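A quick write-up on the structure given underneath.
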Amino acid sequence: MEGKKGTVCVTGGAGYIGSWLIMRLLERGYSVRTTVRSNPEFKKDLSHLTSLPGASESLKIFNADLNKPETFIAPIEGCDGVFHTAHPVDFERIEADDATIKMAVQGTLGILKLCLNSKTVKRVVYTSSISAIMYNKSGLTVLDENTWTDVDFCRTAKLPGSSYCIPKTLAEQAALNFAQETGLEVVTIVPSLVVGPFICPHFPSSNHLALSLIMGNRERYKYLTRPQMVHIDDVVSGHIYLLECPDVEGRYICSAVHTTFLQLVKFLSVRYPEFRLPPLDLTKEMEEVKPVELSSKKLLDLGYSYKYGIEEMFDGAIKSCKEKGFLQS
Ligand SMILES: NC(=O)c1ccc[n+]([C@@H]2O[C@H](COP(=O)([O-])OP(=O)(O)OC[C@H]3O[C@@H](n4cnc5c(N)ncnc54)[C@H](OP(=O)(O)O)[C@@H]3O)[C@@H](O)[C@H]2O)c1
């Protein structure tokens, strides 16, 4: 059945952002097609999607893989809009391997070519990341959409997270160049660390990272030197806003909270005294680094606003983790 608002495709719909986005799109009256990778070894649990209100009438699930862009033909055909969220999220490896870069760039370009050829897709919203902004030698403390991660700098400095930020940067640049060359409407949303409740069965990597202080995962503290965060519901409404807003162009940062490692430890210790957090003197090894602010002015000037603060982000993430057994009650 055709949704009142039209038909949209969400790539990577089984993921953290993808599944929350599908939930909100169905609520708003869209017909949704989504893609997941097929896994012949075990049947993927998609009940978080199939049990959503409205899913039986308005959600269709397809198998597609970025390594084979032609697998996206069927889900994209006839759609009015496409949200391209699919991308492997792995902060742990340092080196970005050529296969991941090729998959991210060629997979994204393949999807955009299909959108162009479809003649029905009016706009593509591509999910980028602040990883495509933050890593450079600019030394700026307020960053906006004009700043790009310097891929050569990431490679030579062997920065933690390079395996993620290099393909994200190159894929976003390729998407925006494609838009300029072909006239296809492509906008990119550039979220910071997405924190909050979740409906997917896996523990989302970003919540895992945000909760590493509570879970005592010291290996991951280095990713929280200058935490910038946004609530899952705000990032999803940002995606939908960018699809529906008439005049949009280029990149849009979506990041609500900018803090420091020490401020985050203090906030968590006061709000969640039941968890054992690292003693403050231990956090000295993390040197209080000047926070970097990511300016959302461009998005806010469109009329978009954030609804949630840090309290709702962590309350929601902790509640979902407890419900799904990732954290002891
Ligand atoms: N969470 C954050 O803090 C954050 C912040 C900024 C940007 N982002 C971006 O948001 C998007 C979604 O991230 P997430 O946090 O929701 O992560 P996630 O839960 O790991 O979801 C990632 C999705 O990408 C799909 N995917 C991975 N490799 C693929 C491939 N080769 N072909 C097709 N699909 C593939 C996965 O599909 P399967 O289900 O089939 O495995 C999964 O559904 C990503 O583009 C990420 O870079 C996330």
Side-chain angles (χ1 to χ4, degrees), residues 9-23 34-46 48-49 61-72 75 83-92 97 99-108 110-111 124-134 149 161 163-172 175 188-212 223-224 227-236 238-239 251-257 294 313 317 320:
C9 176
V10 177
T11 69
Y16 177 33
I17 295 178
S19 53
W20 201 272
L21 177 58
I22 291 171
M23 178 175 77
T34 193
T35 68
V36 299
R37 278 177 297 176
S38 64
N39 188 333
E41 278 161 39
F42 65 94
K43 216 169 152 20
K44 198 172 260 171
D45 177 8
L46 297 176
H48 63 301
L49 299 179
I61 302 175
F62 297 75
N63 283 323
D65 192 315
L66 288 170
N67 288 301
K68 296 182 193 150
E70 68 281 5
T71 53
F72 288 88
F83 296 96
H84 177 27
T85 79
H87 185 98
V89 180
D90 173 8
F91 310 107
E92 305 294 329
D97 62 282
T100 308
I101 295 173
K102 186 172 168 219
M103 178 191 66
V105 174
Q106 295 308 325
T108 298
I111 286 170
V124 179
V125 180
Y126 169 75
T127 314
S128 184
S129 158
I130 59 159
S131 304
I133 287 194
M134 296 282 294
T149 281
S163 61
Y164 178 67
C165 66
I166 293 176
K168 285 304 287 182
T169 304
L170 296 176
E172 189 193 353
T188 68
I189 182 160
V190 190
S192 53
L193 193 68
V194 182
V195 184
F198 53 99
I199 56 170
C200 56
H202 62 277
F203 193 165
S205 310
S206 52
N207 272 339
H208 209 182
L209 190 56
L211 296 181
S212 54
Y223 299 108
L224 293 172
Q228 291 105 357
M229 294 172 281
V230 60
H231 191 279
I232 179 69
D233 214 33
D234 277 337
V235 93
V236 158
H239 279 71
R251 322 173 82 188
Y252 291 87
I253 290 171
C254 186
S255 181
V257 168
L294 287 147
M313 293 180 205
S320 290

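Atoms within a ligand are numbered from 1 in the order they appear, just like the ligands themselves. Computed from a prediction, not measured in an experiment: that's the story for all the values here. The figures here come from the full heavy-atom set of this structure, side chains too, leaving out hydrogens, waters and symmetry mates.
Pro88 is listed as a side-chain neighbour of Met103, based on a closest heavy-atom distance under 4.5 Å. Looking at His87 and Thr108, their side chains never come closer than 4.5 Å, going by heavy atoms from C-beta outward. Between Phe83 and Ile17 there is no side-chain heavy-atom pair separated by less than 4.5 Å. Looking only at side-chain heavy atoms (C-beta outward), Ser212 and Tyr223 stay at 4.5 Å or farther from each other.
Assignment of Cys200 to the shell around ligand 1 is not supported, since no heavy atom sits closer than 4.0 Å. Residue contact check for ligand 1: Pro88 places a non-hydrogen atom closer than 4.0 Å to it. Residue His84 places no heavy atom under 4.0 Å from ligand 1.
In summary, the atoms of ligand 1 found under 4.0 Å from a heavy atom of Gly12, numbered by their order in the structure, are 43 (O). Contact atoms of ligand 1 toward Asp65: 30 (C), 31 (N), 32 (N), 33 (C) (distance under 4.0 Å to a heavy atom of the residue). Residue Lys44 has at least one heavy-atom neighbour below 4.0 Å for each of these atoms of ligand 1: 38 (P), 39 (O), 40 (O), 41 (O). Counting the atoms of ligand 1 from 1 in the order shown, those under 4.0 Å from a heavy atom of His87 are 22 (C), 24 (O), 25 (C), 26 (N), 27 (C), 44 (C), 45 (O). Atoms of ligand 1 lying under 4.0 Å from at least one heavy atom of Ser129, given by number and element, are 6 (C), 7 (C). Atoms of ligand 1 lying under 4.0 Å from any heavy atom of Val194, numbered from 1 in the order shown and given with element: 1 (N), 2 (C), 3 (O), 4 (C), 5 (C). Listed by number with element, the atoms of ligand 1 under 4.0 Å from a non-hydrogen atom of Thr85 are 11 (C), 12 (C), 44 (C), 45 (O).
When atom types are taken as modelled, the side chain of His84 and the backbone of Thr11 share no donor-acceptor pair closer than 3.5 angstrom. Side chain of Thr149 to main chain of Ser131: a donor-acceptor pair is present (N/O by atom type, distance under 3.5 Å, no hydrogens or angles). Judged by distance alone, with hydrogens and angles left aside, the side-chain atoms of Ser19 form no donor-acceptor pair with the main-chain N or O of Ile199 at under 3.5 Å.
The closest heavy-atom contact to atom 33 (C) of ligand 1, among the options Leu66, Thr11, Leu209, comes from Leu66. Comparing Tyr164, Phe203, Phe83, Phe72 by heavy-atom distance to atom 8 (N) of ligand 1, the nearest is Tyr164. Between atom 34 (N) of ligand 1 and the options Ala210, Ala86, Gly107, the minimum heavy-atom separation is to Ala86.
Proximity of Ser192 to ligand 1, defined as any heavy-atom pair under 4.0 Å, is confined to the backbone N, CA, C and O atoms. Contacts with ligand 1 closer than 4.0 Å are made by no heavy atom of Ser205, backbone or side chain. The backbone of Ala64, and not its side chain, has at least one atom closer than 4.0 Å to an atom of ligand 1 (non-hydrogen atoms only; backbone = N, CA, C, O).
Shown here are the side chain to side chain donor-acceptor pair (under 3.5 Å) partners of Thr85, two or more places apart in sequence or in another chain: there are none.
Here's the thing with Ile130: none of its N/O atoms is less than 3.5 angstrom from an N/O atom of ligand 1. Of the polar atoms of Ser206, at least one N or O is found under 3.5 Å from an N or O of ligand 1, judged by distance alone. Polar contact check, Gly15 against ligand 1: a nitrogen or oxygen pair lies under 3.5 Å apart.
In this pair, Phe203 and Phe198 present their aromatic rings parallel. The plane angle is below 30°, not in the 30 to 60° band.
Taking CD1 of Ile22 as the start and CD1 of Ile61 as the end, the distance is 7.0 Å to the nearest 0.5 Å.
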Check your understanding: How far apart are the C-alpha atoms of Glu172 and Ser128, what are their side-chain angles, what is the distance that settles it, and do they pass the side chain to side chain donor-acceptor pair (under 3.5 Å) test?
Key -> CA-CA 6 Å; Glu172 189 193 353; Ser128 184; 2.7 Å; yes
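In this model, a donor atom of one side chain and an acceptor atom of the other lie less than 3.5 Å apart for Thr127 and His239.
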